[in-house]
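First comes the structure, then the notes that go with it.
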Amino acid sequence: MSREDGLPPLREVIAEHQLSAKKNLGQNFLLDLNLTRKIARSAGPLEGHTIVEIGPGPGGLTRGLLMEGAKKVIAVERDERVLPALEQISAAYPGHLEIISGDALEVNWPEIVDGPTKIVANLPYNIATALLIGWLTSDQWPPWFSSLTLMFQKEVAERIVAESGNKTFGRLSVLSQWRADAEKLFDVPRQAFTPPPKVTSSIVHITPHQKPQFDCKMDALERVTKAAFGQRRKMLRASLKGILPNPQQVLENAGIDPTLRAEQLQVKDFCALAKLL
Ligand code: SAM
């Protein structure tokens with residue numbers, strides 16, 4: 001028995017249900033409930049909130065979230081082998097855990113949540129950025145979630161929070177920051193996972209702005225960032241040729257030096273250019 005919630009230690013859960021980790025599902029499990037509780041706390045207050053968790057696996061983070069007082073956890077998992085282990089958690093927290101068996105990339109989120117909702121997950125690394133971009137490009141803003149607290153590979157986390165002028169500043173940074181605040185909270189060493197992944201991971205916390213600071217259309221912003229960062233070593237007057245008939249003039253009209261490169265622009269400059277498309 002685990003002292004914390006009366007459920008068996010995660011190592012026993014994995015052995016009992018024979019949950020050998022599958023690489024193609026990005027399975028790297030967290031077995032230390034002190035760590036998963038720390039991740040849960042880093043999402044801010046959980047009381048009164050529904051938490052959407054992607055990929056609960058054997059349930060380490062799910063248990064952390066419930067122990068830290070989440071009103072309800074909705075956990076979406078693709079691997080059917082883990083469902084009996086999740087059912088045991090559900091029985092220990094009646095009415096507080098809803099398990100959805102399926103692919104997180106195919107869920108219509110606004111349909112399944114109700115009331116204040118946060119997303120907290122140790123994401124499968126192979127679909128982590130696809131999920132993040134899906135959430136960040138929501139038509140409805142402010143979106144259906146009030147924050148995202150997510151584990152990424154450290155290098156991806158650094159791209160999400162990178163500031164203008166930094167080598168890692170790119171499309172993911174602009175899409176993450178144009179109507180949200182993104183912050184890297186702490187690193188999680190490889191050894192904290194079973195099996196250990198190849199690289200260090202990091203927890204990122206993203207809070208959507210209630211009222212977007214910069215006003216532009218998402219599809220236009222995606223086109224501008226794609227063109228500008230697609231040829232990031234070129235000056236903007238060259239890299240934007242494919243999407244603007246006269247980039248030199250447009251850049252000057254927007255008050256942007258046409259000889260700058262993509263990584264030297266601020267997020268607000270990308271929005272100004274998107275508006276001019
Ligand atoms: N939350 C657990 C933990 O922290 O120990 C497991 C995290 S593990 C990095 C990622 C989890 O996502 C695995 O349980 C995996 O089966 C699940 N997963 C992978 N692809 C998925 C998908 N498309 N939809 C839902 N879950 C998925």
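Along the sequence shown, residues carry numbers from 1. Worth knowing before you read on, the calculation uses all heavy atoms, side chains too, and leaves out hydrogens, waters and symmetry mates.
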Connected via hydrophobic side-chain network under 4.5 Å: V120 and W144: no
Report the distance from atom OG1 of T194 to atom CD of Q27, rounding to the nearest 0.5 Å. 12.0 Å
For residues 236-244, which side-chain N or O atoms pair as donor and acceptor with protein atoms under 3.5 Å away, sequence neighbours left out?
none

If hydrophobic clusters are built by linking Ile, Leu, Val, Met, Phe, Trp and Tyr wherever their side-chain heavy atoms come under 4.5 Å apart, do L65 and L10 end up in the same one? yes
Looking only at heavy atoms, what is the nearest atom pair of C271 and L221, with distance? N-CD1, 4.1 Å
How would you list all residue pairs meeting salt bridge (Lys or Arg N to Asp or Glu O under 4.0 Å) that involve residues 80-97, not counting sequence neighbours? D79-R81
Nearest heavy-atom pair of R190 and P197: which atoms, and what distance? NE-O, 2.8 Å
Considering non-hydrogen atoms only, spot the tightest contact between F169 and S164 and give its length. CD1-N, 3.6 Å
Is it the case that one hydrophobic cluster holds both Y125 and L185, taking links as side-chain heavy atoms less than 4.5 Å apart, direct or via other members? no
Taking only residues two or more places apart in sequence or in another chain, which ones pass side-chain contact (heavy atoms from CB on, under 4.5 Å) with N246? Q248, Q249
Does L175 belong to the same Ile/Leu/Val/Met/Phe/Trp/Tyr cluster as L277, with side-chain heavy atoms less than 4.5 Å apart forming each link? yes
Quick one: does S90's side chain have a donor or acceptor within less than 3.5 Å of a partner on L86's backbone? no
Side chains of L273 and I256, heavy atoms from C-beta outward: is any pair under 4.5 Å? yes
Neighbour count >12 (heavy atoms, 6.0 Å) for atom CG, N108: yes
Determine all donor-acceptor pairs shorter than 3.5 Å in which one atom belongs to a side chain in residues 148-162; sequence neighbours excluded.
| from | atom 1 | to | atom 2 | distance (Å) |
| --- | --- | --- | --- | --- |
| T149 | OG1 | H205 | ND1 | 2.9 |
| K154 | NZ | D187 | OD2 | 3.3 |
| E155 | OE2 | R159 | NE | 2.9 |

Name all pairs fulfilling the salt bridge (Lys or Arg N to Asp or Glu O under 4.0 Å) condition that reach into residues 160-176, sequence neighbours left out, sorted by first residue then second. R171-E222
Under 3.5 Å donor-acceptor pairs involving side-chain atoms of residues 29-47, not counting sequence neighbours:
| from | atom 1 | to | atom 2 | distance (Å) |
| --- | --- | --- | --- | --- |
| D32 | OD1 | N34 | N | 2.8 |
| T36 | OG1 | L33 | O | 3.2 |
| T36 | OG1 | G60 | O | 3.0 |
| R37 | NE | E68 | OE2 | 2.8 |
| R37 | NH2 | E68 | OE2 | 3.3 |
| R41 | NH1 | E68 | OE2 | 3.1 |
| S42 | OG | I39 | O | 2.7 |

Heavy-atom pair with the smallest gap, counting every atom of A228 and F270: CB-CE2, 4.0 Å
What heavy-atom pair brings P8 and R63 nearest, and what distance separates the two atoms? O-NH1, 2.9 Å
